[in-house]
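By convention in this document, chain letters (A, B, ...) are assigned in the order of the sequence lines, proteins followed by strands, and residues within each chain are numbered from 1. Reckoned from all heavy atoms, side chains included, excluding hydrogens, waters and symmetry mates.
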Number of protein chains: 2
Amino acid sequence: MLTLSTLFFYARVVAGKLQRKPKGAYHHPDLECALVDAALQTIRREGVEALTLRDVAARLGVSRTALYRHFKDKSALLARVALEGFRLFRQALQSAIDRARSSGADPMEEMGVAYVAFAMTNQSHYKTMFGSAIGDWEQYPDLALEADGAFAVLLNTIVEEQRASRIVGGDPVPLAHVIWAGVHGLAMLELAGCLDRNGAAKIDLTALVRLHSRILLDGLRRTGSTLRTKR
Amino acid sequence: MLTLSTLFFYARVVAGKLQRKPKGAYHHPDLECALVDAALQTIRREGVEALTLRDVAARLGVSRTALYRHFKDKSALLARVALEGFRLFRQALQSAIDRARSSGADPMEEMGVAYVAFAMTNQSHYKTMFGSAIGDWEQYPDLALEADGAFAVLLNTIVEEQRASRIVGGDPVPLAHVIWAGVHGLAMLELAGCLDRNGAAKIDLTALVRLHSRILLDGLRRTGSTLRTKR
DNA sequence: ACCTGAACACCGTTCAAGT
DNA sequence: ACCTGAACACCGTTCAAGT
């Protein structure tokens, strides 16, 4: 057990720096990455609030305090999970838009569907990204940057649709917030189990997202006076 | 200290059953209610996740285990806080609708404003109601009932607007889900601090809610083919 | 009946100590 | 440098014991 991981360590040192650092019996090469993976695995199976540092350490065969060599504390680890989540998220949204544009479908509607679909298939990531587990967001500027990047995908799409005169003009930020709120709300309500309780039948979430998009886009296509934002 | 609360106890026994039960030094009359109040107070000041049973017990001058005489466990206490929250919530929504109807304002828009306003002024309640702190919702049927009651306020308003032909017909449940998602999403994003980061200025949340309502209602006033729900 | 103290099985985090 | 074991200050919950 010990000797095997020691071999791994030496193999990495040789491959990496061509100079073997001495003695220390490292239990895991690239512990940092392994910690994130193990954490994500636990979150997937048992939820964010069930995540325990002691457990991930035990599963990696590592001391409980080894984690603190790589992360300041528990929330820093969660911030890292969220960061990875936002990367996947932005990618998913962007590719949905690209697909829609090349197939003639509505980019906004397809982005909405992709948004909620991401939240459903990556519940662990999504809950970590928007839940309260991380705490002080200001503390992780790289995380905020990645989140802003995902928001920019939505914002850019709105601006392009405005340029093509498919939706009303004006400040795109409030419009983005309204659209964001809709899909985020659908995702959060479904994750909280709020949508399944009324009406015995299991809900068709994708259909609901499409309904939401069409209502919203119908509203956004009108240019009437009701759409003037109060300032 | 002890003698004072003992007096309280005796006073209560005499007033209640006209027959004094003996001896026991009860530290608090109506402990159950006091526990809920103390819990809510802590949640208000420090958030749901900072709530500690040991702390509420200490603040009430009661043993750490006294709580278990009144609640099965911690989440049962939180469920009780949420229950109270849903009662206040329904009341707030209903009175906003009534006010709008008698003043000629749009009931749906005013309900939306009241919804988000409730979430902002009662953040502790709202987070407990829709956060993950409670856990198994199925375990508290009375809570689910009260939540359904609040949802019914929204549903009834939609049906009445449909009868008055002010919005499109059809199954009101999906429409209710879409509207709910919008206001819930706005509230959750604001509570998570997501709306304030883009654009330096502090956001006018009420204006954003009104914008949301108007876009949605503009969409809902159209009767075009895009609004047929897939089934 | 209602409440208590001691105890159990957990947490995250720190820190001197090892190699 | 990287990792460890022991320790600290917390949790929720149980349970035999008091009155």
*Between C:dC3, C:dG12, D:dT13, spot the one nearest the side chain of A:Thr52, thanks.*
C:dG12
*Write down the distance between CG (A:Leu51) and C1' (C:dC10), rounded to a whole number of angstrom.*
15 Å
*Specify the separation, in whole Å, of atom CG of A:Asp73 and atom P of C:dT14.*
8 Å
*With respect to the phosphate group of C:dC3, does any side-chain polar atom (N or O) of B:His70 fall under 4.0 Å of OP1 or OP2?*
yes
_Rounding to an integer number of Å, can you tell me how far B:Leu31 CG sits from C:dA1 P?_
18 Å
*Measure from CG on B:Leu77 to C1' on D:dT13 and round the result to the nearest Å.*
14 Å
_Return the pairing partner of C:dG18 with a 3.5 Å limit on both distances, Watson-Crick or G-U wobble; otherwise return none._
D:dC2
*Determine which nucleotide pairs with D:dC8, using a 3.5 Å limit on both distances of a Watson-Crick or G-U wobble pair.*
C:dG12
*Just how far, in rounded Å, is P of C:dA1 from CZ of B:Arg69?*
11 Å
*Within this structure, what is the CZ-to-P distance between A:Arg54 and C:dT13, rounded to whole angstrom?*
11 Å
*For A:Asp55 and for A:Thr65, locate the closest nucleotide of DNA chain C by heavy-atom distance; then report the residue assigned to the nucleotide nearer the 5' terminus.*
A:Asp55
_Salt bridge flag under 4.0 Å for residues A:Glu109 and A:Arg210_ = yes
*asked:* Whole angstroms only, please: what is the CG-P distance between A:Leu78 and C:dG12?
replied: 10 Å
*Where the side chain of A:Leu53 is concerned, which of D:dG12, C:dC15, C:dG12 is the nearest nucleotide?*
C:dG12
*Parallel, tilted or perpendicular, as decided by the 30° and 60° cut-offs, for the rings of B:Tyr115 and B:Tyr126*: perpendicular
*Give the rounded distance in Å between these two atoms: NZ of A:Lys74 and P of C:dT14.*
14 Å
*asked:* Does the plane of the ring in B:Trp180 sit parallel, tilted or perpendicular to the ring in B:Phe151? Use 30° and 60° as the thresholds.
replied: tilted
*So among B:Leu154, B:Ile179, B:Val159, B:Asn156, which one has a side-chain contact (heavy atoms from CB on, under 4.5 Å) with B:Pro172?*
B:Val159
*With the side chain counted from C-beta on, respond yes when B:Phe118 and B:Val113 share a heavy-atom pair under 4.5 Å apart, and no when they do not.*
no
